[in-house]
Trainee: 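Structure below; questions to follow.
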Amino acid sequence: MTITESPGTEIGSPRRRKEDARLITGRTTWTENVTLPGMLHLAILRSPMAHARITSIDVSPALETKGVVAAFSGRDVADVQGSLPCAWPVTEDMVHPDRPPIAVDEVRFMGEAVAVVAARSRAAALDAIAAIEVDYEALPVVLDMEQAIAEGADLVHADKGTNKGYTWVFDSAEAGTGGDAGAAIDDAEVVIRRRYVQQRLIPAFMEPRSVVVDPTGDVYTMWSATQIPHILRFLLAVVTGTPEHKVRVIAPDVGGGFGGKLQVTPEELIAFIAAKRLGKPVKYTESRSESLVSAHHGRDVIQDLELAARRDGTVTGLRVKLLANMGAYMGLVGPGVPILGAFMYNAIYKFPAYRFECSGIFTNTTITDAYRGAGRPEATYAIERIMDELAVELGLDPLEVRERNWINADEFPFTTVCGLAYDSGDYAKATDRAKELFGYDELRQEQQARRDTGDSVQLGIGISTYTEMCGLAPSRVLGALRYGAGGWETASVRMLPTGRVEVVTGTSPHGQGHETAWSQIVADQLGVGFDDIEVLHGDTRTSYKGLDTYGSRSLAVGGVALYNACQKVIDKAKPIAAHMLECDPADLEFTGGQFRVRGNPDGGRTLADCALAVFAAHDLPDGIEPTLDADAVYDPVNFSFPHGTHLCATEVDTETGRVTIRKYVAVDDIGKVINPLIVEGQVHGGIAQGIAQALFEEAVYDADGNLMTGTFVDYTLPTAADLPTLVTDRTESPAPDHPLGTKGVGEAGTIASTPAVVNAIVDALRPMGVNDIAMPCTPERVWRAIQGGAA
Amino acid sequence: MTRVSIKVDGVEYEDDVEPRTLLVHHLRERLGKVGTVVGCDTSNCGACTVLMSDADGHQQGVKSCAVLAVQADDREITTIEGLSGPDNTLHPVQRAFHEAHGLQCGFCTPGMIMAAVDLLEENSDPSEQEIREGLEGNLCRCTGYQNIVRAVRAASEEIRRSGGDAEPAAPSPLAGEGHTPDSGLPRQSVPDETIPQPVP
Amino acid sequence: MIPPSFDYAAPTTVDEAVGVLRDAGEDAKVIAGGQSLIPLLRLRFAAPSTLVDLGGIAELRQVREDGDALVIGAMVTHASVLRDPLINEHLPLLVSATETVADRQVRHRGTFAGSLAHADPAGDLPAVALVLGASMEVVGPSGRRVVPASEFFVDYLTSVVAPDEVLVAVRVPKQGSWVGAYEKFNRVAQGWALVGVAAMVRRDNGSIAEARVGLTNMGSTPLRATATEQALAGADSREAIGAAAARVAEGTRPSDDLLGSADYRRHLAGVLTRRAVASLS
């Protein structure tokens, strides 16, 4: 039994992932794989109507179906089911309608749960829901956001008297962080006004959501395919009135989230209620078509921008007005998603004046909430599109306009017009590197040649320079934004007697490779071998405290907590090592996993020696607690601000409108990197989702509020055959606020890529008079734009 | 109920099934082969891909959510759980997915690996474009497919190097050892892209 | 999701299959590869009383040569089409069009005949069968009948095959001196054809002597573009091909749907026809 020793070079190395061993062999614990003795299967009857009164509902025919144990409607559980929580009431007077897990009197979107069956098999449960009799009385359907807030509009929630959930404003003049955007626009030499529409998207994680609830005595154990086991446990306790210590939540292996599993869902509460009523374990796993209609959607924002500038390209002010579609209710953090974007419209630029106003609107659609980037892709898209328009208006190269306005490397830390302190960065360096990898000048020449010859395939070049705020988040800032929780993260390090290490993290990975990256951090700090470290997560019994994984926060916050916990372990071990070496602790140094007397390379003591010593506890210094274990909680002092430059070349077949990505280069600066292989994977996946927004995906409702894209046949995710090969590289501006220097990478690709692609398409077609195309830029929309028709 | 006899991962199973039972549910719920997963209800995502023998005994990739268990009567099936060799040695495709970071959340991975094995059975030296088109029946939401394509290329090279068969190979001595962090894919197998290193 | 319950029969002869269908009544359904049917069952869009599985009928897996034609059995999969030497030699258009059908896994199970019997106008192979001049052998209680492709497709998801009949084989004339191409336009690789064009020409001294053009998803059934076919006869230049192709949507009534508008489909059909025919020169 030998303990391997880390050479201290784990951080920065492209370690192959620990997680893979179970994932590539089919030995994974998905929630759907959890099977308990006596477990019942749930099926949910969902509303086929977008807005209707439930005039009658009879579940008794379901009870007569073979294998059925129970069936109940919203009315049957109305007094116990509670209401789904919203953790981000962005304004004091935000309208927050009750949202029962099972609709009681009224359904407000297609797919809302109306009744539940528990049966001995899933097939029996599905057969039985078809037997339930429901009568609906149709109510007017509200879909269009502008109509929804017009005088005399039909209402999603009649008792609320309005479809406007909130209006949230930031004004740099009022906040004292900048000038008056209105005045800047009134006085401007040039004003560019544009409307951009962020189409509705569906996160479409590959693992459908699944939940198992096991009631034993007065303890409820819930397995759920969630990103947020800790938040879920807390809110389950609050919503159901169950004492928190009697609720255990386990997020086992979770198959992707992208924000889509950052939710407390009706299905989780339904399973909880059913298990409690029946006293039996229950399982519910959604089908893909249920997932697409009932799991929260993302984006769906109308953006009106006014950009004021001087004729030399210097921007003097920006005014942004948003309508954000909340869907039928307020999601867990849905109202706050546009607010996360509010601080990003000024992007990498030194805008002197800014005003942002957002209204959250109710419609008879599935709720919207966080989807990869959450507010920041929307902001980046709008600003990067309109900066191109400014360049065209002024006859400047789009890169030149950006350069004229961006924050220079020597100006960091830079306090923006929103009052945020950007930590570090070098926009010019990333841009230069991207241009070099891209072959910018050659592609511009080819573009000109194709224009000159009137080639039926035109070439376009799109630029996106972005920054984002991640590392969510300093708790005080979240409090000021009325978010319902803090932004800290926890880590615990447990030294086992054999010198092996268990790490407990409050983050909850679902594909991000925390087990690997966290091991790399610990290996370097403690000098313990990578394979001698086990990372535990996602079970509130082992990881009782944490704030989970979203917003590119895990490494930038949880990683720092882990670093700090490691330092505490070393501090605890030091007097013990000194005792063994019979020296003064002050004379010891700790390197490569060994305590040695300074200046004496021989005869050190390892951390494992100390771990064994505290296990035996036979001979410890007086008054020493016999443990090396340590916990740390880190509350970030600031957000972190990754940035980068993405360049995209598209070929547009002007006869059919088909867009093909010819070349894509991404140079990202995410600070220090723990594992470049994992980082590269995050960038690839992020870019793919951003390209998908630009070209392929859209959730579409018909005039009656039926979701038309309710299966993967119609909600078209790109396949390998639809996506290009990506060229990626990095620059490195370490985060100055913490010792790891990391910033966060989960969302960068998604934020940067969408405007790069659309800018490229529009660039290809500028000579034909095209200055915008609505997303997704389908062949038909591109073709129509070329024809001069409606984009 | 209909009696079916299906050989799965080398073991014969005889069971009575409802005719409506999908093969994937039979594998998961009756035989405990939960490595194969269900990701959609329209046979788009391919997460449930397994190898199944055709009438001539030739194994080929199928979507087990689009096959009834009764249609698999007398057939032979290989799932992700039967891909590894004796002593749990990994198949070259499994190893290549690990080495090239061809997976993140891992939910699409069993189907993706089985689809790749099927593709390489037919074409042992596919181009990047052939790999992309060969995997068009499988959706991944995490990787952008880039490292999946890279992994399949690397696996094809290894399979050809080892004599053209897709027999399980010994586990990589390179993965998971402390002092060779940049081991893994040979550089020549990833033209046009290398694992990025921080720019000084 | 899980299909609704049904009875299951696995006959080993065509006669037995027809007998089961006759006894099972109108709600019985034939399953071949099941790649269209099983997803419909899972979504509970179809609820047959009995499924009659053709998988156990060995003779239906054959491809045989019959004079100037090949006869392709009902259980011949797309994958078998792609590797069958006779089909590769005599029906290269069918091979190249089959390569565009769905994905590898679906092609391993799905059958050529099944995709015709399913009669989805968005399916790729019905239009190809039309231009190849295929005919369908259908067996029912009153015996065997042969239906030319031009009469086979009745409406959206509807063919002439009666509930008690089985499409047992497709007879396809060898291409001979005809060359063909299939141009498919979809939004993503997995997507159905927004429009597809199957074109065949026979050349004579450099110009087109005869042409056939079949259209996917330009109406409720696959269609022949007769005006374009006539205009292509004698075409000897890019311009002439272009002019003929521009007429391809005449008389069609493509749908306006989520995939695309009717106008756009008409436009695309012209572009794809021109490209398909031009690729054959």
Side-chain angles (χ1 to χ4, degrees), chain A residues 4 6-7 9-10 12-17 19-20 23-28 30 32-33 123 204-208 253-256 258 287-289 433 510-513 529-531 673 676-678 680-681 684-685 687-688 711-713 717 719-721 723 725-732, chain B residues 18 20 28 33-42 44-45 47 79-81 83-84 88 90 94 97-99 101 103-110 113 128 131-133 135-149 175-176 178-179 181-182 184 192-193 195-199:
Chain A
T4 53
S6 170
T9 56
E10 285 292 345
S13 78
R15 268 291 188 180
R16 275 45 177 179
R17 298 196 320 168
E19 293 84 346
D20 293 356
L23 299 168
I24 59 177
T25 54
R27 297 298 304 151
T28 320
W30 310 114
E32 162 64 7
N33 293 358
F205 34 76
M206 289 313 299
E207 181 208 13
D253 286 311
V254 175
F258 318 109
S287 67
R288 178 59 60 181
S289 39
R433 180 68 182 138
H510 38 283
Q512 296 89 342
F530 176 78
D531 292 325
V673 165
L677 199 62
I678 291 175
E680 192 193 27
H684 291 161
I687 292 172
T711 70
F712 275 162
V713 175
L717 304 188
T719 67
L723 289 171
T725 299
L726 308 169
V727 179
T728 60
D729 203 348
R730 282 184 283 107
T731 57
E732 188 173 302
Chain B
E18 266 197 284
R20 62 165 159 169
R28 287 180 55 83
K33 294 281 180 182
V34 294
T36 303
V37 297
V38 183
C40 75
D41 41 19
T42 48
N44 284 83
C45 81
T79 77
I80 188 73
E81 295 174 61
L83 198 59
S84 305
N88 296 322
L90 296 177
Q94 288 174 308
F97 269 68
H98 173 61
E99 290 291 337
H101 189 33
L103 63 150
Q104 290 179 28
C105 85
F107 194 78
C108 77
T109 306
I113 287 177
E128 168 166 344
I131 293 169
R132 288 184 177 276
E133 286 170 10
L135 297 177
E136 70 188 350
N138 294 70
L139 296 173
C140 169
R141 194 60 157 167
C142 294
T143 64
Y145 306 99
Q146 179 128 334
N147 287 345
I148 291 175
V149 173
H179 300 277
D182 198 18
D192 297 324
E193 4 161 0
I195 294 159
Q197 296 298 319
V199 175

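Since we're looking at a predicted model, the values are computed, not measured. All chains are named by letter (A, B, ...) in the order of the sequence lines, taking the proteins before the strands, and each is independently numbered beginning at 1.
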Trainee: Using heavy-atom distances under 4.5 Å, tell me whether A/Arg17 contacts chain B through its side chain, its backbone, both, or neither.
Mentor: both

Trainee: Using heavy-atom distances under 4.5 Å, tell me whether A/Leu723 contacts chain B through its side chain, its backbone, both, or neither.
Mentor: both

Trainee: Can you tell me which of B/Thr143, B/Thr109, B/Val149 forms the most heavy-atom pairs within a distance under 4.5 Å of chain A?
Mentor: B/Thr143

Trainee: Apply side-chain contact (heavy atoms from CB on, under 4.5 Å) to the pair B/Ser84 and A/Thr25, showing each step before the final yes or no.
Mentor: CA-CA 7 Å; B/Ser84 305; A/Thr25 54; 4.2 Å; yes

Trainee: Go through B/Pro110, B/Gly137, B/Cys142 and name the one with the most non-hydrogen pairs under 4.5 angstrom from chain A.
Mentor: B/Cys142

Trainee: Is there a side-chain contact (heavy atoms from CB on, under 4.5 Å) between A/Met206 and B/Cys140 once you walk through the steps?
Mentor: CA-CA 7 Å; A/Met206 289 313 299; B/Cys140 169; 5.6 Å; no

Trainee: Determine, stepwise, if the pair B/Val34 / A/Thr28 fulfils side-chain contact (heavy atoms from CB on, under 4.5 Å).
Mentor: CA-CA 8 Å; B/Val34 294; A/Thr28 320; over 6 Å; no

Trainee: Going by side chain to side chain donor-acceptor pair (under 3.5 Å), name the residues that satisfy it together with A/Thr719, two or more places apart in sequence or in a different chain.
Mentor: A/Asp722

Trainee: Among B/His101, B/Gln146, B/Gln104, find the one that has a side-chain contact (heavy atoms from CB on, under 4.5 Å) with A/His684.
Mentor: B/Gln146

Trainee: Heavy-atom pairs under 4.5 Å with chain A: which of B/Asp41, B/Thr42, B/Asn138 has the most?
Mentor: B/Asp41

Trainee: If you tally heavy-atom pairs under 4.5 Å against chain B, which of A/Ala688, A/Gly685, A/Gly256 wins?
Mentor: A/Gly685

Trainee: Among residues at least two apart in sequence or on other chains, which ones pass ring-ring contact (aromatic ring centres under 6.0 Å, His included) with B/Phe107?
Mentor: A/Trp30

Trainee: Tell me, out of B/Glu133, B/Arg132, B/Glu136, who's got the most heavy-atom pairs with chain A below 4.5 Å.
Mentor: B/Arg132

Trainee: With a 4.5 Å cut-off on heavy-atom pairs, point out which of A/Ala204, A/Ala720, A/Gly26, A/Gly511 contacts chain B the most.
Mentor: A/Ala720

Trainee: Show your working on side-chain contact (heavy atoms from CB on, under 4.5 Å) between A/Phe258 and B/Arg141 and close with a plain yes or no.
Mentor: CA-CA 9 Å; A/Phe258 318 109; B/Arg141 194 60 157 167; 3.3 Å; yes

Trainee: Considering only heavy atoms, which portion of B/Ile113 lies under 4.5 Å from any heavy atom of chain A: side chain, backbone, both, or neither?
Mentor: side chain

Trainee: Are any of the side-chain heavy atoms of A/Ile24 and B/Leu90 separated by less than 4.5 Å?
Mentor: yes

Trainee: Does the side chain of B/Glu128 come under 3.5 Å of the side chain of A/Thr725 through a donor N or O and an acceptor N or O?
Mentor: yes

Trainee: Between A/Glu32 and chain B, with a heavy-atom cut-off of 4.5 Å, which part of the residue counts as in contact: side chain, backbone, both or neither?
Mentor: both

Trainee: Distance only, no hydrogens: is a donor on one side chain within 3.5 Å (strictly under) of an acceptor on the other, for B/Asn44 and A/Arg288?
Mentor: no

Trainee: Nearest 0.5 Å, please: how far is CZ in A/Phe712 from SG in B/Cys45?
Mentor: 6.5 Å

